[in-house]
2 protein chains.
Amino acid sequence: MRRERVTIADVARRAGVSKVTVSYVINGREGKVRISDETRQRIWEAIRELGYRPNALARALTRQRTSTIGVVMQYAAIFGGWSGFILELLHGASHEAIEQQYDLMMYTGAHGDDAEHEANAIMDGRIDGALLLRDIDDPLSDILADSGFPHVLIFTRSRRPDVYYVDCDNVKGGYMATKHLLDLGHRAIVHLRGSSHSAPALDRWHGYVQAMREEGIEPDEEWVIEMPGPLSDATPLVELMRSPNRPTAIFAWSDDVAIRAMQVVREMDLRIPEDVAVVGYDSTEVCNHTDPPLTSVRQPIYEMAREGVRTLVRLINGERPRRIARVFEPTLDIRRSCGAS
Amino acid sequence: MRRERVTIADVARRAGVSKVTVSYVINGREGKVRISDETRQRIWEAIRELGYRPNALARALTRQRTSTIGVVMQYAAIFGGWSGFILELLHGASHEAIEQQYDLMMYTGAHGDDAEHEANAIMDGRIDGALLLRDIDDPLSDILADSGFPHVLIFTRSRRPDVYYVDCDNVKGGYMATKHLLDLGHRAIVHLRGSSHSAPALDRWHGYVQAMREEGIEPDEEWVIEMPGPLSDATPLVELMRSPNRPTAIFAWSDDVAIRAMQVVREMDLRIPEDVAVVGYDSTEVCNHTDPPLTSVRQPIYEMAREGVRTLVRLINGERPRRIARVFEPTLDIRRSCGAS
DNA sequence: AAAGATGCATTAACCGATTAATGGGTAAGC
DNA sequence: GCTTACCCATTAATCGGTTAATGCATCTTT
């Protein structure tokens, strides 16, 4: 039983006034234009009786602003793992969006889409700005920046001095995780690294290398295994753990990969943390529920997402905050998977 | 360096034709209107040179369709747990949306919003239809239905014969989980139930009761504990597990609650599955990575979400499929947490 | 040579709002 | 009695597109 669309003109007709008057009443333009209480009341009545709802498209078209922001993710990146990372990010973003009176649109893009195409979809007027969660070598941000389209990168740094971003110090995070293991006496430490297109993944790896070298250990090439997601092939890890000089510790670039590693280790009848210590990254809620609970580097995902939205809104409003980079500090949540507590 | 908005009029001017001609070229109205190759080429050139991108708002306004669908969730429901459920749902929905050439918008709503408000936001013209993930007693669907706004409920049933929904047989799911435990010899089985506003939660509970009764067991009231999320208070469970006639099995209404329960059990130095068997619900990826891997009732979340989008798109296109209810069958993924394999 | 068909592009109207500029009536000021 | 001020509401223009109807050459057909 689809009612016909009720427009502002219908309301105007019903209330016996012009469209404009209705518009003024709805938007409460106090100070600019005064409407008599009687008229105002008649209009509200008509609105209620007709069940009128303003059309956001039309409104956005004239206002030149939609009050909607987009969250643009890399298709593969989002759904590759089952980690709580994305969810916590969305939670933070949506919380802050609500706070700022914005709506949220999700852009996942199709698999084969090129950046040009994606950029067109993003800049087609439906959103005022975008939060980008993308690889470091992704061209999308460049296109947006060249067009002056407001956007903020999150969980990565930008390659241009004019592009705002919210990140966490991943080198330090990687360093902290590794140092913790070193301090516990481990020397043979494996690093399960993320994609080589991911700035955080590379940075965490560098942090790992840095900590190792500081200890006078040149990390063996075999010790760094690329495992971007929990579904990645784990045989290199299995083989390494079978070798005579088996590593005694694993630092994984993400929690879900760490959990996958724990499973691999368990299946080899090795104990955690007695035989193998494990450290993850993100310290998502699931870390509290693994057995043993997983030590992990925490980045304030929720807060970072909120900060991203806040910055984005400022950009949309034409502000140009001094600080381009907003880099949070990681901390280490020590649980029991490394035998430290 | 914000360029001024390039409009279709700019392109027209540059190419020396009218707006309409440009519109025709862009939308390739073959058969209706013919444009000479030379003009067509000039227009594309102008488009490229000016970096023109059609404005989706304006287009949607005239076309009366936005090619965007909304996913409307209950704020609390989404972010209450860390389960992969929502993620898998979003994955499926976004996959099918791409397939159907639609974009996705996320509505989370603010905490205090009433349904009227939410309905207004949903029906403001920005989306052609909505996928609703809401409580069974939620009034939102009623409002949408009364306005004839295309929408599909997912992971719940509808209370009206004219509202389409995609669900999984939760009574059967609850029955299967419980029956499995009964078959393994368990008699004292606890059920960790979800919210009383959630149809799936209630149905799973009913399935549990049904299976118990079939076995001649009247489930004790104390055996049913409301634990909607992994962060819910677990003391009732703890106390129950401490009691002299301690239950030997737990059936949790969701995976994350099951994992929380496993943790509680472990902290009491009870072994899983030897002392306590555990069964979860959803069979999300994380079930493969717990220790021991978690037996769980599987509902095809990804596929259900896709089906929801498919149905929604048909409704948007004015079709009225015969079948209002699309109910999937649950299956049981037996892993090691109940000692059966 | 008149009528009809074809090819190409234009004009006019509309989608549903917002905003600036304007207008008309009544009361107050001098 | 004329100006000024104020209150309330309207008219006109605009946002950036789409679509139906129309116009006008040029080419065919009879």
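Because the structure is predicted, anything quoted here is derived from the model rather than measured.
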What's A/Ser36 touching, base or sugar-phosphate or nothing? Going by heavy atoms closer than 4.0 Å.
sugar-phosphate
Looking across every strand, which nucleic acid part, if any, lies under 4.0 Å from B/Thr21 by heavy atom: base, sugar-phosphate, or nothing?
base
Below 4.0 Å: OP1/OP2 of D/dC7 and any side-chain N or O of A/Tyr24
no
If you compare every side-chain N and O of A/Gln64 against the phosphate oxygens of D/dG16 (OP1, OP2), does one of them come in below 4.0 Å?
yes
From [atom1] of [X] over to [atom2] of [N], roughly how many Å is that when rounded to an integer?
{"X": "B/Asp10", "N": "D/dG17", "atom1": "CG", "atom2": "C1'", "result": "13 Å"}
{"X": "B/Asn27", "N": "D/dA20", "atom1": "CG", "atom2": "C1'", "result": "15 Å"}
{"X": "B/Leu57", "N": "D/dG17", "atom1": "CG", "atom2": "P", "result": "10 Å"}
{"X": "B/Lys19", "N": "D/dT18", "atom1": "NZ", "atom2": "P", "result": "9 Å"}
{"X": "A/Met123", "N": "D/dG16", "atom1": "CE", "atom2": "P", "result": "16 Å"}
{"X": "A/Arg59", "N": "D/dG16", "atom1": "CZ", "atom2": "C1'", "result": "18 Å"}
{"X": "B/Ile47", "N": "D/dG17", "atom1": "CD1", "atom2": "C1'", "result": "13 Å"}
{"X": "B/Arg34", "N": "D/dG23", "atom1": "CZ", "atom2": "P", "result": "22 Å"}

Out of D/dT10, D/dC8, D/dG17, minimum distance to the side chain of A/Val17 belongs to D/dT10
Nucleotide nearest A/Ser18 when distance is taken to its side chain, options D/dT10, D/dC15, D/dG17
D/dT10
State whether [X] and [Y] are salt-bridged, where the test is any N-O pair (Lys NZ or Arg NE/NH1/NH2 against Asp/Glu carboxylate O) under 4.0 Å.
{"X": "B/Asp167", "Y": "B/Arg326", "answer": "no"}
{"X": "B/Asp146", "Y": "B/Arg160", "answer": "yes"}
{"X": "A/Arg134", "Y": "A/Glu118", "answer": "yes"}
{"X": "A/Arg310", "Y": "A/Glu99", "answer": "no"}
{"X": "A/Asp142", "Y": "A/Arg159", "answer": "yes"}

On DNA chain C, more 5' by nearest nucleotide between B/Gly16 and B/Arg63 is B/Gly16
Ranking B/Leu61 and B/Glu38 by the position along DNA chain C of their nearest nucleotide, the one closer to 5' is B/Glu38
Leading and trailing nucleotides of DNA chain C with any atom under 4.0 Å from heavy atoms of chain A
C/dG16 to C/dA20
Testing the basics here: between A/Ile8 and A/Lys19, what is the closest heavy-atom pair and its distance to 0.1 Å?
CD1-O, 3.7 Å
Check: A/Tyr165 ring centre within less than 6.0 Å of A/Phe155 ring centre:
no
